[in-house]
Amino acid sequence: MTYPLPIPWPPTSARKKRWLIGVSGGLDSMALMHLLKDAGFRNVIVCHLDHGIRGKESAADARFVNRWAMKLGYAFESAQINLRNIIAEKGLSLETSGRNSRHQYFASCAKSKRCKRLFLAHHLDDQAETVLWNLMRGSHGCRGMREVSEMEMDGTQMEVHRPLLGIRKSELRAWMENRKLPWREDASNQVNDVTRNRIRNDALPLLADIARRDVAPLLSRAAQADQAMREVLNWALKKAEVLDPQGRLHLGVLRELPEALRIHAISYFLKSNGIPDISGALLESCAVMLDPTSSASVNLPGGARLRRRAGRFFVESC
């Protein structure tokens with residue numbers, strides 16, 4: 001293989017199992033699909049979701065991915081949605097609506113194909129964007145994506161693998177060009193109408209100019225250090241036994257924790273209950289509820305509510 005890439009694949013025995021892979025037709029996911037084939041993964045189901053926002057270009061993406069899946073001997077699954085209608089109905093951002101729709105689609109594929117193992121093509125540059133966005137949100141610190149993680153997608157627990165997190169996009173492009181392999185370009189990625197695009201096209205280049213060095217690897221290393229610290233915090237939460245047998249937050253225990261661990265406990269609890277878009281302001285509002293004279297409830301994203309009752313925090317659907 002030309003341009004060998006240091007990719008952390010699962011053990012050889014796992015390559016015989018069935019896997020899902022999300023493929024949009026862009027450079028990243030097409031590279032991952034070809035790399036899987038080269039690495040010996042044979043039972044792979046290519047999952048393509050057409051968001052319905054680029055007209056004929058979207059339909060061409062689906063045909064392109066289907067054609068290449070067939071060439072590689074992979075099964076192909078696709079679905080089409082109208083993301084604009086979903087945004088209008090739910091009142092969520094383009095990015096959040098798109099992410100939720102993809103998660104719903106992957107969960108549907110996992111159920112129909114009886115496979116909860118999913119490959120995604122996020123790379124090191126995506127990781128840098130994620131870390132910077134989380135820093136800007138003020139609720140996640142330097143948190144980034146993990147190479148292997150358990151994620152709940154629309155009620156389905158998925159085993160998600162991101163083997164390209166240590167690879168630069170430029171390396172993937174060089175690998176694909178050297179092999180003369182095609183991919184589809186999405187012109188909307190260059191339009192600064194969503195946060196991710198502005199971070200990619202404006203913020204990261206500006207930071208690199210100010211620092212006079214490439215900041216993407218630095219942000220990626222910060223994510224690794226943050227993950228190590230979160231493992232320590234999660235270990236401390238287990239030792240503190242902050243959850244009661246019913247899975248509710250025990251306020252008596254919570255009040256005894258250091259402030260940083262207390263906030264982490266609330267964030268962990270909300271995330272475990274499927275609450276999206278957890279901001280620093282939201283965590284502060286939830287922490288105020290530890291005062292028994294404060295309001296006994298806080299509205300949460302996604303139409304849920306955090307309630308305080310009988311010395312416990314619990315999440316209630318509205």
Side-chain angles (χ1 to χ4, degrees), residues 7 9-11 13-54 57-87 89-90 92 94-123 126 130 145-165 183-184 186 271 274 276 302:
I7 297 175
W9 297 121
S13 59
R15 303 182 195 189
K16 299 178 182 179
K17 297 179 180 178
R18 180 177 297 172
W19 292 83
L20 306 177
I21 176 178
V23 180
S24 66
L27 167 65
D28 315 332
S29 57
M30 289 298 294
L32 178 57
M33 183 169 67
H34 286 290
L35 286 163
L36 285 175
K37 184 68 175 182
D38 286 356
F41 290 84
R42 297 291 177 260
N43 193 358
V44 175
I45 301 170
V46 176
C47 304
H48 177 84
L49 180 63
D50 177 358
H51 294 88
I53 58 177
R54 293 171 52 240
E57 288 295 309
S58 292
D61 290 346
R63 292 193 298 271
F64 174 78
V65 175
N66 186 13
R67 185 164 61 250
W68 271 101
M70 292 178 62
K71 284 184 179 181
L72 297 178
Y74 288 161
F76 177 74
E77 290 289 319
S78 67
Q80 184 179 43
I81 60 173
N82 190 320
L83 189 58
R84 297 295 184 189
N85 287 350
I86 293 173
I87 292 170
E89 178 185 343
K90 302 289 187 180
L92 300 174
L94 174 64
E95 291 169 287
T96 300
S97 299
R99 182 181 64 247
N100 291 346
S101 297
R102 287 190 294 275
H103 286 186
Q104 290 169 6
Y105 174 60
F106 291 142
S108 174
C109 291
K111 293 174 185 176
S112 64
K113 300 304 177 181
R114 297 182 180 181
C115 176
K116 297 180 180 180
R117 291 177 294 273
L118 171 67
F119 278 117
L120 295 177
H122 297 110
H123 47 70
D126 293 323
T130 299
M145 298 173 283
R146 302 181 66 177
E147 289 180 351
V148 182
S149 61
E150 293 288 333
M151 287 184 62
E152 184 177 308
M153 296 185 176
D154 198 36
T156 299
Q157 199 70 17
M158 302 287 289
E159 179 186 317
V160 179
H161 291 247
R162 297 182 175 93
L164 303 183
L165 277 187
W183 64 87
R184 298 277 295 175
D186 184 349
K271 185 176 176 62

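Throughout, residue positions are numbered sequentially from 1 according to the sequence presented.
Judged as a side-chain contact (heavy atoms from CB on, under 4.5 Å), and not counting sequence neighbours, the contacts of K71 are R67, W68. F119 is linked by a ring-ring contact (aromatic ring centres under 6.0 Å, His included) to W19, F41, H161, counting only residues two or more places apart in sequence or in another chain. Partners of K113 under the salt bridge (Lys or Arg N to Asp or Glu O under 4.0 Å) rule, at least two apart in sequence or in another chain, are E77. Contacts of T130 classified as side-chain hydrogen bond (donor to acceptor under 3.5 Å, both in side chains), with partners at least two apart in sequence or in another chain: R196. Applying the side-chain contact (heavy atoms from CB on, under 4.5 Å) rule to K90 yields the partners I86, L92; only residues at least two apart in sequence or on another chain are considered. Residues satisfying the side-chain hydrogen bond (donor to acceptor under 3.5 Å, both in side chains) criterion with S108, sequence neighbours excluded, are absent altogether. E152 is linked by a salt bridge (Lys or Arg N to Asp or Glu O under 4.0 Å) to nothing, counting only residues two or more places apart in sequence or in another chain. Looking at residues two or more places apart in sequence or on another chain, you find a salt bridge (Lys or Arg N to Asp or Glu O under 4.0 Å) between R184 and E57, D61. Residues passing the side-chain contact (heavy atoms from CB on, under 4.5 Å) test with H103 are R99, M151, M153, sequence neighbours excluded. D28 is linked by a salt bridge (Lys or Arg N to Asp or Glu O under 4.0 Å) to K169, counting only residues two or more places apart in sequence or in another chain. Under the side-chain hydrogen bond (donor to acceptor under 3.5 Å, both in side chains) criterion, Q80 pairs with D50, sequence neighbours left out.
When side chains are defined from C-beta on, E150 counts as touching Q157, because their heavy atoms get closer than 4.5 Å.
Taking every heavy atom of both residues into account, S24 and S29 meet most closely at N-OG, 3.1 Å. Closest heavy-atom contact between F64 and G25: CE2-O, 3.8 Å.
Applying the salt bridge (charged side-chain N to carboxylate O under 4.0 Å, His left out) test to pairs two or more places apart or on separate chains, none has a residue in residues 14-23.
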